[in-house]
Protein chains: 2
Amino acid sequence: MDEVFKALADGSRRSLLDRLHARNGQTLGELCDGLAMTRQAVTKHLAILEAANLVATIKHGREKLHYLNPVPIHQIGERWIKKFEHDKLKALSELKRRLESRDA
Amino acid sequence: MDEVFKALADGSRRSLLDRLHARNGQTLGELCDGLAMTRQAVTKHLAILEAANLVATIKHGREKLHYLNPVPIHQIGERWIKKFEHDKLKALSELKRRLESRDA
DNA sequence: TTGACATGCAACCATTTGGTTGCGTATTGT
DNA sequence: ACAATACGCAACCAAATGGTTGCATGTCAA
């Protein structure tokens, strides 16, 4: 879980996931297009995403195809974010009350 | 948004949020209890969470009270995670198909 | 009033991170 | 056959990160 959070922490990596979401199965070269970064840097980012199980790859000849795996993202939503949604209003009103009364 | 992702990337910070979720409005000293870390380190983590708008603080005498703000967490769920949930099955089956057939 | 308590602030440190350059290797199209 | 293509690997680098120690400051209680 920590690996997934760390992988998602970087904007370049999130945009790589976005691009795979837009078109799945892209090669390394395709994923490099338009990026202000060397191919080797992109490789490192993809390796981190792969280690976090967010992308899966298969070699096809001399090309490497990258596939998005949205399951860990979904898990973060279910196992982590969900528990904070419950008390959204509760927490807000509690803070407001505290802010308004100095005599707590 | 990037600030929130970065803030959530650290396990210590996530556990601070968990502790505030369990009991809101804790002081710095209370949040330090049981942590294998100096008070100053905890202060830095809380500052990062505050900069990401994940906690709000109010000074009360010589103590500083910390309140959880779950809104940015909720926003990540809505604006980022949600769009990846849609094609969960689609992506999986697509990958499976690729893995099974070498002749793509 | 004064000592203990809760916190703030700054300098410093090691490690991690995100990126580079350079070179090697396998595959492919002509 | 061979040059171009697509990628892998390793060394290196600057900056960010996560932590520390030391000291200063404001507040409360006896």
Side-chain angles (χ1 to χ4, degrees), chain A residues 1-20 23-52 54-67 98-99 101-104, chain B residues 1-20 23-52 54-67 98-99 101-104:
Chain A
M1 192 92 149
D2 185 66
E3 238 179 347
V4 180
F5 270 108
K6 286 228 161 55
L8 295 181
D10 186 88
S12 305
R13 284 192 292 268
R14 288 199 304 279
S15 93
L16 283 171
L17 292 179
D18 278 333
R19 295 176 70 173
L20 285 179
R23 188 163 67 85
N24 212 0
Q26 294 188 64
T27 70
L28 174 58
E30 286 169 335
L31 288 171
C32 286
D33 275 353
L35 273 284
M37 208 184 306
T38 60
R39 170 181 53 86
Q40 289 86 337
V42 177
T43 300
K44 286 194 185 180
H45 282 304
L46 288 169
I48 290 171
L49 291 171
E50 201 174 349
L54 283 161
V55 312
T57 63
I58 42 180
K59 283 196 65 178
H60 185 256
R62 63 179 162 182
E63 312 185 298
K64 190 178 187 181
L65 304 177
H66 299 77
Y67 289 89
R98 284 283 187 163
L99 282 171
S101 68
R102 290 290 107 112
D103 55 290
Chain B
M1 193 93 150
D2 185 66
E3 240 178 346
V4 180
F5 271 109
K6 286 229 161 56
L8 295 181
D10 187 88
S12 306
R13 287 193 289 270
R14 287 199 305 277
S15 93
L16 283 171
L17 293 179
D18 278 334
R19 294 177 71 171
L20 286 179
R23 188 162 67 84
N24 213 2
Q26 295 187 63
T27 70
L28 174 58
E30 287 170 334
L31 288 171
C32 286
D33 275 354
L35 272 285
M37 209 185 303
T38 60
R39 171 182 54 85
Q40 287 87 337
V42 177
T43 301
K44 286 192 186 180
H45 283 303
L46 289 169
I48 291 173
L49 292 171
E50 201 174 350
L54 284 161
V55 312
T57 64
I58 42 181
K59 282 197 66 177
H60 185 256
R62 64 179 161 180
E63 311 184 298
K64 190 176 185 182
L65 304 177
H66 299 78
Y67 290 89
R98 282 285 187 165
L99 282 171
S101 68
R102 289 290 108 109
D103 53 289

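So you know, we letter chains A, B, ... as the sequences are listed, proteins then strands, and number each from 1.
At whole-Å resolution of the value, CG in A/Leu46 and P in C/dG18 are 13 Å apart. Atom-to-atom, CG of A/Leu35 to P of C/dG18 comes out at 14 Å; the value is rounded to the nearest Å. Regarding A/His60, its NE2 atom lies at a distance of 14 Å from the C1' atom of D/dA6, rounded to whole Å. The interatomic distance linking B/Ile48 (CD1) with D/dA16 (P) rounds to 13 Å, in whole Å. Rounded to whole Å, the distance from CD on A/Gln26 to P on D/dC7 is 11 Å. Regarding A/Met37, its CE atom lies at a distance of 9 Å from the C1' atom of C/dG18, rounded to whole Å. Rounded to whole angstrom, the span from the CD atom of A/Glu50 across to the C1' atom of D/dG8 amounts to 13 Å. Per the geometry, CG belonging to A/Leu28 stands 19 Å off P belonging to C/dT25, to the nearest Å.
Proximity of a side-chain donor or acceptor of B/Arg13 to a complementary backbone N or O of B/Lys6 within less than 3.5 Å is detected. The backbone N or O of B/Leu28 lies less than 3.5 Å from no partner atom in the side chain of B/Arg39, so there is not a single donor-acceptor pair. Side-chain atoms of A/His66 come within 3.5 Å of backbone atoms of A/Lys64 as a donor-acceptor pair (strictly under, hydrogens ignored).
The residue among A/Lys6 and A/Ala36 whose nearest nucleotide of DNA chain C lies closer to the 5′ end is A/Lys6. Looking at which nucleotide of DNA chain C each of B/Lys44 and B/Gly29 is closest to, the 5′-most match is held by B/Gly29.
Of the candidates D/dA6, D/dG8, C/dT7, the closest approach to any side-chain atom of A/Lys64 belongs to D/dG8. In the set C/dC5, C/dG8, C/dG19, C/dG8 carries the atom at the smallest distance from any side-chain atom of B/Arg39.
Under 4.0 Å is where a charged nitrogen must lie from a carboxylate oxygen, and between A/Glu30 and A/Arg19 no such pair does.
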Next item on the list: Show the numbers, then the answer: is there a side chain to side chain contact (heavy atoms under 4.5 Å, CB included) between A/Leu17 and A/Leu8?
Entry: CA-CA 9 Å; A/Leu17 292 179; A/Leu8 295 181; 3.6 Å; yes
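Put simply, the side chain of B/Gln40 and the base of D/dG18 share no donor and acceptor less than 3.5 Å apart.
Remark: B/Thr38 is in phosphate contact with D/dT20, judged by side-chain N or O atoms under 4.0 Å from OP1 or OP2. For the pair B/Arg62 and D/dT25, the criterion of a side-chain N or O lying under 4.0 Å from OP1 or OP2 is not met.
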